[in-house]
Structure formats: C-alpha cells, structure tokens
Amino acid sequence: MRRHPRRGEAGREVTEATSAKAASERGAEVGRRIGVGLMYGLWKPRVLGAWRVPATGPAILAVNHSHNIDGPMVMGVAPRPTHFLIKKEAFVGPLDPFLLGIGQLKVDRSVADRGAITQALDVLSAGGVLGIFPEGTRGEGDFASLRAGLAYFAVRSGAPVVPVAVLGSSERPGRLIKALPPLRSRIDVVFGDPFEAGDGSGRRTRKALDEATERIQKQLTAHLENARRLTGR
C-alpha cells in the first residue's frame, strides 16, 4: 500500500523536482560555456546565422552528423543552452555523470526509449532547446536518411525546427590526434531559418509523421546545399 505523504513532504517532492529541472537547465548553460572555451580554444569556428535561432521559447536544432565533434561544436557556438539526445553508448565511465550534469539526454536507440522521449518533451514544454541528429547515427552528414524521431518531437511539441549544418569537421584527421579534426582548423556552423514541421492540423498519425519527415528532409537538404555554397565546402 502506498503511504500518503506527511505534512510538508508533498511540497518538498515538488520543490525537489523543480530544483532538478532547474539544475538541468543550469547544467546545459554550464555545458555551453565549457563548449565555448573548448571549441574556440582548439579550433576556429565560423558561425553563420546564429541570430536565426529563436531567442525564447522551444526550438529544435536539427544537426547533420559526420563527426563526433559536431554535437560539442554546436553546443559551444549556439546562442542558447542546448540539450542533445545522445546515444547511451557515449555515457561510459566519468562521461556518464558529466554529460548528465550538463543537461544532456541519454537515449537507448535499440528501443522506444520512453524515458528519453519524456525528458526531451519536457525540455521543449519548458521552453528549452533540444538538439537532435535526425540521421540517427554518424555518417555522411548529408541528411539523406532521416529517422522519424525529429518529426515526432516537432509535431508533438509544435516547436520550430532550426536546420544546422556543420562543415569541415570530417574533412581530414588531425596530426596529433587522429580522432579529432586538425587543431586550429576552421569548422563552419551554419544555422538556417526555423520552420514548422507539421501541416498545422495537429495530427500525429503515422501518415502525418511520414509527411512531416518528408517535409523536414526537403528543408534540411536545401539548407545543407545553401550552407555549402555560402562556405565554399
């Protein structure tokens, strides 16, 4: 039998939950500041269109993914703290508490991870910024194959999607550390115009999500092509 909370306990539970949520947002801001120091200290980011990210309210950053540095790079150059959905395999050893501490979200890609879905929707409902790699895994970074997750979050929350192209991170390996881009090399991050993924009907049927995914892919592909023209990459 579930015990009813004693006087003051219920309020304390709410306060603790609110505090944990606030800590997560503070953690994401700490992560952004760490990212600023590392990304600008180790490489030479050129950021275009950051002003396009909505200054307030929920937003989803849809980022192409060709190198492990892409997520930290966007965290460091984005104008707002970002909570990225990151595969659980990255949360190993000391990285586990660190990533959780800076407001990042652990997701199990092998199942429909309800916990991660709820956390991501909570970020958006609180007016935060959610970062997603819509391709689902690291690859060519050309948005050629999208998973349905991005469409679900966009349609369910109504948050605008901001396309983000990271270019130059996978052009060549570094001389000192092969797994990283060459130190002090230029990496371009181009933010695009925010757009609505849904059709305005609020429908969340399979057909509506498929249509939203197709709409998103066209927008992201067009943004990537434009970013390549702008940067010459």
Counting only heavy atoms not in R33, do more than 12 fall under 6.0 Å of its CZ? no
Looking only at heavy atoms, the pair that brings P79 and A50 closest together is CG-O, 3.6 Å
V190-M73 co-clustered via ILVMFWY side chain contacts under 4.5 Å: no
Please check if the side chain of D108 supplies one atom and the backbone of D113 the other of a donor-acceptor pair under 3.5 Å. no
Same hydrophobic cluster for L180 and L95, using side-chain heavy-atom links shorter than 4.5 Å among ILVMFWY? yes
Where do V161 and F153 land on the side-chain contact (heavy atoms from CB on, under 4.5 Å) test, with the steps shown first? CA-CA 10 Å; V161 176; F153 288 121; over 6 Å; no
Say you draw a straight line from CD of Q119 to CZ of R114; how long is it, rounded to the nearest 0.5 Å? 13.5 Å
Distance (rounded to the nearest 0.5 Å) between Q219 CD and F195 CZ: 4.5 Å
Nearest atoms (heavy-atom pairs only) where L99 meets A90: CD1-O, 4.0 Å
Going from CG on L105 to CZ on F91, what distance comes out if it is rounded to the nearest 0.5 angstrom? 7.5 Å
Treating R215 as the side-chain partner and A197 as the backbone partner, does any N or O pair qualify as donor plus acceptor under 3.5 Å? yes
Do I69 and M39 touch side chain to side chain, with heavy atoms closer than 4.5 Å? yes
Any side-chain heavy atom of D70 within less than 4.5 Å of one from F84? no
Please indicate whether K106 has more than 12 foreign heavy atoms, meaning atoms of other residues, nucleotides or ligands, lying under 6.0 Å from its NZ. yes
P81 and V129: which non-hydrogen atoms are nearest, and at how many Å? O-CB, 3.5 Å
Check: I216 and P134 side chains under 4.5 Å, non-hydrogen atoms: no
Look up atom CH2 in W43 and atom CZ in R184, then write down how far apart they are to the nearest 0.5 Å. 10.0 Å
Treating Ile, Leu, Val, Met, Phe, Trp and Tyr as nodes and any side-chain heavy-atom pair under 4.5 angstrom as an edge, say whether V162 and L230 lie in one connected cluster. no
Working to the nearest 0.5 Å, report the span between NE2 of H65 and CD of E135. 8.5 Å
Kindly give the heavy-atom pair with the smallest separation between D193 and P163, and that separation in Å. O-CD, 3.4 Å
Derivation and outcome, side-chain contact (heavy atoms from CB on, under 4.5 Å), residues I34 and M75: CA-CA 9 Å; I34 292 173; M75 283 180 61; over 6 Å; no
Can you tell if the side chain of R32 reaches within under 4.5 Å of the side chain of T82, non-hydrogen atoms only? no
Least distance between heavy atoms, P45 atom then V77 atom: CB-CG1, 4.0 Å
Least distance between heavy atoms, A165 atom then A227 atom: CB-CB, 3.8 Å
Between L167 and L224, is a side-chain contact (heavy atoms from CB on, under 4.5 Å) present by the stated rule, with each step listed? CA-CA 9 Å; L167 302 171; L224 184 59; 3.9 Å; yes
side-chain contact (heavy atoms from CB on, under 4.5 Å) evaluation trace for E89 with R109: CA-CA 10 Å; E89 291 83 359; R109 299 177 300 172; 4.1 Å; yes
If we only count heavy atoms from C-beta on, is the K44 to S185 side-chain gap below 4.5 Å? no
Mind checking whether H67 and V166 have side chains closer than 4.5 Å, heavy atoms only? no
Taken to the nearest 0.5 Å, the spacing of L48 CG from T231 OG1 works out to 7.5 Å
